[in-house]
Amino acid sequence: MFAARYMKDVWGKLFGLKKWFQVHRALTVSCLIFTLVGFVLVFAHVEGWSEADVAHSVLGVIITLLVCAQPIMALMRPKPAAENRWIFNWCHRCVGISAFILAVANIFLGLRLPHLNAEVGVYLMTFFCVGLVAVVALEIYIRCQKSKKGLLYMTFGFLVVLTSTVCFALLLFITMAT
């Protein structure tokens with residue numbers, strides 16, 4: 001998502017395609033592969049459905065379905081000049097952001113599983129939350145550059161990023177406290 005959001009105007013072309021798109025596509029395929037491998041390994045390790053944390057298990061299935069939907073949607077993507085391209089763009093964006101937000105929330109839930117050492121995970125999630133602060137800063141910068149209306153001019157996307165950051169930070173503190 002980083003390449004698609006922040007590198008469109010910065011990177012040039014490579015082999016006739018925009019570099020940001022090639023990076024975005026490669027990372028999407030990598031995400032799909034890692035998600036499917038992780039999904040299979042978890043079921044093999046647990047030997048079926050886990051009852052340790054049903055919310056974590058159900059979210060894992062939903063996230064896997066969303067991650068699988070992304071490349072399928074991309075295969076049906078209309079041409080850039082197509083009249084209905086905006087529908088694809090919004091669906092692709094919403095599915096991707098939803099999968100990402102649910103995945104992070106599921107990691108926090110996973111940190112609470114009884115058989116895991118959560119200390120390392122808490123440090124990783126702390127690092128992740130710091131990264132989200134950088135994303136919020138980039139969003140503020142982009143909004144201020146695109147609009148001379150100042151900080152009060154915020155879009156829906158920015159509000160989603162900001163709300164997610166606050167929620168993830170709260171989840172991190174809750175996880176660390178328990």
Side-chain angles (χ1 to χ4, degrees), residues 1-6 20-77 87-136 138-139 155-178:
M1 286 188 282
F2 185 84
R5 179 76 179 126
Y6 302 111
W20 76 265
F21 179 73
Q22 292 181 1
V23 169
H24 180 69
R25 182 173 49 192
L27 291 175
T28 299
V29 170
S30 298
C31 178
L32 174 66
I33 291 168
F34 288 133
T35 300
L36 291 175
V37 167
F39 189 79
V40 169
L41 289 176
V42 165
F43 272 93
H45 177 73
V46 177
E47 298 176 352
W49 184 260
S50 174
E51 296 295 331
D53 186 354
V54 176
H56 180 76
S57 301
V58 170
L59 266 180
V61 171
I62 293 169
I63 293 161
T64 302
L65 292 173
L66 290 172
V67 169
C68 290
Q70 282 292 71
I72 293 168
M73 287 172 34
L75 291 173
M76 297 183 286
R77 177 183 71 232
I87 297 171
F88 165 79
N89 288 343
W90 274 103
C91 291
H92 183 65
R93 188 175 297 127
C94 289
V95 169
I97 291 171
S98 298
F100 180 73
I101 290 171
L102 290 175
V104 173
N106 210 27
I107 291 170
F108 279 107
L109 289 173
L111 292 175
R112 299 176 59 116
L113 290 174
H115 60 280
L116 293 178
N117 178 0
E119 187 174 321
V120 173
V122 169
Y123 290 123
L124 289 172
M125 294 312 292
T126 302
F127 179 74
F128 175 78
C129 287
V130 169
L132 274 180
V133 170
V135 168
V136 169
L138 281 170
E139 285 293 322
T155 64
F156 176 73
F158 173 76
L159 293 175
V160 168
V161 170
L162 184 61
T163 304
S164 300
T165 303
V166 171
C167 290
F168 293 147
L170 288 173
L171 282 171
L172 176 66
F173 292 125
I174 291 168
T175 302
M176 290 172 61
T178 57

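If you read the sequence from its start, that first residue is 1, and numbering goes on from there.
Residues Thr35 and Val67 share a closest heavy-atom pair of OG1-CG1, 3.8 Å. Residues Cys68 and Leu36 share a closest heavy-atom pair of SG-CD2, 3.7 Å. Heavy atoms only, all atoms of each residue included: Pro71 and Leu32 are closest at CG-CD2, 3.7 Å.
By the 4.5 Å heavy-atom criterion applied to side chains, Leu66 and Gln70 are not counted as neighbours.
In Phe43, the CZ atom is crowded: over 12 heavy atoms of neighbouring residues, nucleotides or ligands sit closer than 6.0 Å.
How far NE2 of His92 is from CD1 of Ile97: 10.0 Å, rounded to the nearest 0.5 Å. Note that SG of Cys91 is 14.0 Å distant from CZ of Arg77, once rounded to the nearest 0.5 Å. Rounding to the nearest 0.5 Å places CG of Leu41 at 11.5 Å from CZ of Phe34. A distance of 11.0 Å separates CG in Leu102 from OG1 in Thr64, rounded to the nearest 0.5 Å.
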